[in-house]
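Comments concern the structure below.
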Amino acid sequence: MHPLIELKKAGFSYGGGDIFRDVDLHLTKGSFHFLTGPSGSGKTTLMKMCYQALMPDTGTIKVFGKDVRAMDRDDVAIVRRRIGVVHQDCQFLDHLSVAENILLPSQVAGRDVTQDVANLNQLLRWVSLTDHMNALPPQLSGGERQRAALARAVILSPEVVIADEPTGNLDWDMAQRLLNLLIELNKMGKTVLMATHDMNLIRASRQSVSARVLRIQGKQVHLAGADL
Amino acid sequence: MSILNSLGDVFGGDKQADRIVPPTGFTARLTSFTAAAMAFLTVFALALSLATGRLADRWSAELAKTSTVRISAPEAQLAAQSTAVLNILKTTPGIASARLMTEAEQHALLEPWFGSDLPLETLPIPSLIEVVEQEVGPDMEGLRLRLTAEAPGAVLDDHTRWRRPLAAAAARLRLLGMFSIVLILGATAAMITLAAQAALAANRQVIQVLRLIGARDNYIAKAFVRRFTMRATVGAFVGMLVGMLGIFALPAAAEEGAFLTGLGFRGWHWMIPLVIPPIAAFVAFWSTRFAATRSLDRMA
């Protein structure tokens, strides 16, 4: 199957030192990948390369079949509408309500937002935030913010969802709840790449999803297996 | 057409998009205040320019078609020389009329300088002949030579030495007024550019979020352009109104009044300041667009 995101011999350096070297990664349609590694190992950097927030210094990255080096900024914007991103710090516009934040991707894509209101209500129910739709992001708890960020990431029904340590600041129950939402998305056919350093969370997901676990070690990405 | 479309987007486009930029009180007030102050100054610069234009036209019109012949001669020859000059003037092509000014008229001319009590008849006052020229005036040099030959005490004054510096000064003032308007527009553009750059830098995080969710740079730039253009337009409108009220409140211009009482708009000239808000909108639009494009390029 043709990968949606494909890294070939990709390398990235910062401040004169290599973060990665010769990284190969294929994210195929409907796959679920965990990305693990100690803090500072480069999980966020690798994910940023997947949605063109960073460009590789060496090698190639293809997103939806197109080389990222051949993309201009408009192309990148269009690609990002096909990739939903959830950050650990959520990155909301704090002066807009939760509902407005969730609808923002639809608005910037120039879609008729009124048509997405039905989607919005469905999404708010899905992430259990219907009662908070008019709240401002700073008024939400950590778990609520992450769920709202997930709702925003999927409002345009993207093919890929990238979640960078979404459970990092959440308690166990809330982390599992968020993970279950990502698993649901995967079952709907979305490709999911989730960074986490919480091995227990990965182990807990085994019953629900067939996920690949990638570990960043020695500036390389390895497929983790029996050591989990 | 694309400029009109872009301005159309600003005033009638996606109003919801305006909300993506957080309200920033300081830059909002700064932009509106700058636009208002500049519009106010533009109204005065316009008034100055138009008034000097009128003044230059009036001076030119009043002085250009008239000349004076002054005859200074011993009393016994004064009448004869005056008659000779009048005869010459009557036969000179390009002269519509010539008449000897009466004693009363001469007294009236001298009264502001010597007062009404001075016995002017005791002074050796030269005779004055007022000459009105035709559309195509006479050959002044030829006329001067003929007058010197026939009436040695006659001196022709075609007002050139008065008119030229006055008209030149008025033209310079008008030019300065126009230059001031250009400077004001330039300063407005510079200040709006700086305010927009400050707003863009302050909203770096917002821009990153918007890019993350798939916003094109054009969409982000439009949100800022819309906001700054609206602020500048509203500010310029208020400044224009206050400026026009200030001009309206100046003392009424009398025909014989001095320059300052003539500073203002007359007739349809009152309509001219109405172009200031649209011009401010245009300047703000391009300034913000320039600032946004540069800032977004730097943030890429």
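Here is the naming used below: chain letters follow the sequence lines, and residue numbers restart at 1 for every chain. Given the structure is predicted, the values throughout are model-derived calculations rather than measurements.
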Does any backbone or side-chain atom of Arg82(A) lie under 4.5 Å from a heavy atom of chain B? Answer side chain, backbone, both or neither. neither

Please check if atom CZ in Arg212(A) has more than 12 non-hydrogen atoms from other residues, nucleotides or ligands closer than 6.0 Å. no

Heavy-atom neighbours of Met188(A) CE exceed 12 at 6.0 Å: yes

Any ion pair linking Arg216(B) and Asp72(A) (charged N to carboxylate O, less than 4.0 Å)? no

For the residue pair Leu210(B) and Leu104(A), establish whether any side-chain heavy-atom pair is separated by less than 4.5 Å. yes

Separation between CD (Gln91(A)) and CD (Gln208(B)), nearest 0.5 Å, reads 6.5 Å

First locate atom CD1 of Ile83(A), then atom CG of Leu212(B), and finally report the distance between them rounded to the nearest 0.5 Å. 10.0 Å

Do you know which two heavy atoms are closest between Gly214(B) and Val108(A), and how far apart they sit? C-CG2, 4.0 Å

Between the main-chain N or O of Leu96(A) and the side-chain N or O of Arg19(B), is there a donor-acceptor pair closer than 3.5 Å? no

In this structure, are over 12 heavy atoms from other groups packed under 6.0 Å from Arg172(B) atom CZ? no

Near Phe12(A) CZ, under 6.0 Å, is it more than 12 heavy atoms from other residues, nucleotides or ligands? yes

Once side chain to side chain donor-acceptor pair (under 3.5 Å) is applied, do any residues pair with Arg177(A), and if so which ones, sequence neighbours excluded? Ser128(A)

Nearest-0.5 Å distance, CD1 of residue Ile213(B) to CD1 of residue Ile155(A): 11.0 Å

I'd like to verify something: which residue of Gly110(A), Ala77(A), Pro158(A), Ala153(A) has the highest number of heavy-atom pairs under 4.5 Å with chain B? Ala77(A)

Does Asp297(B) reach the side chain of Arg73(A), with side-chain heavy atoms less than 4.5 Å apart? yes

Flag yes if more than 12 heavy atoms outside Met174(A) fall under 6.0 Å of its CE atom; otherwise flag no. yes

Is it true that atom CZ of Phe33(B) has more than 12 heavy atoms of other residues, nucleotides or ligands lying nearer than 6.0 Å? no

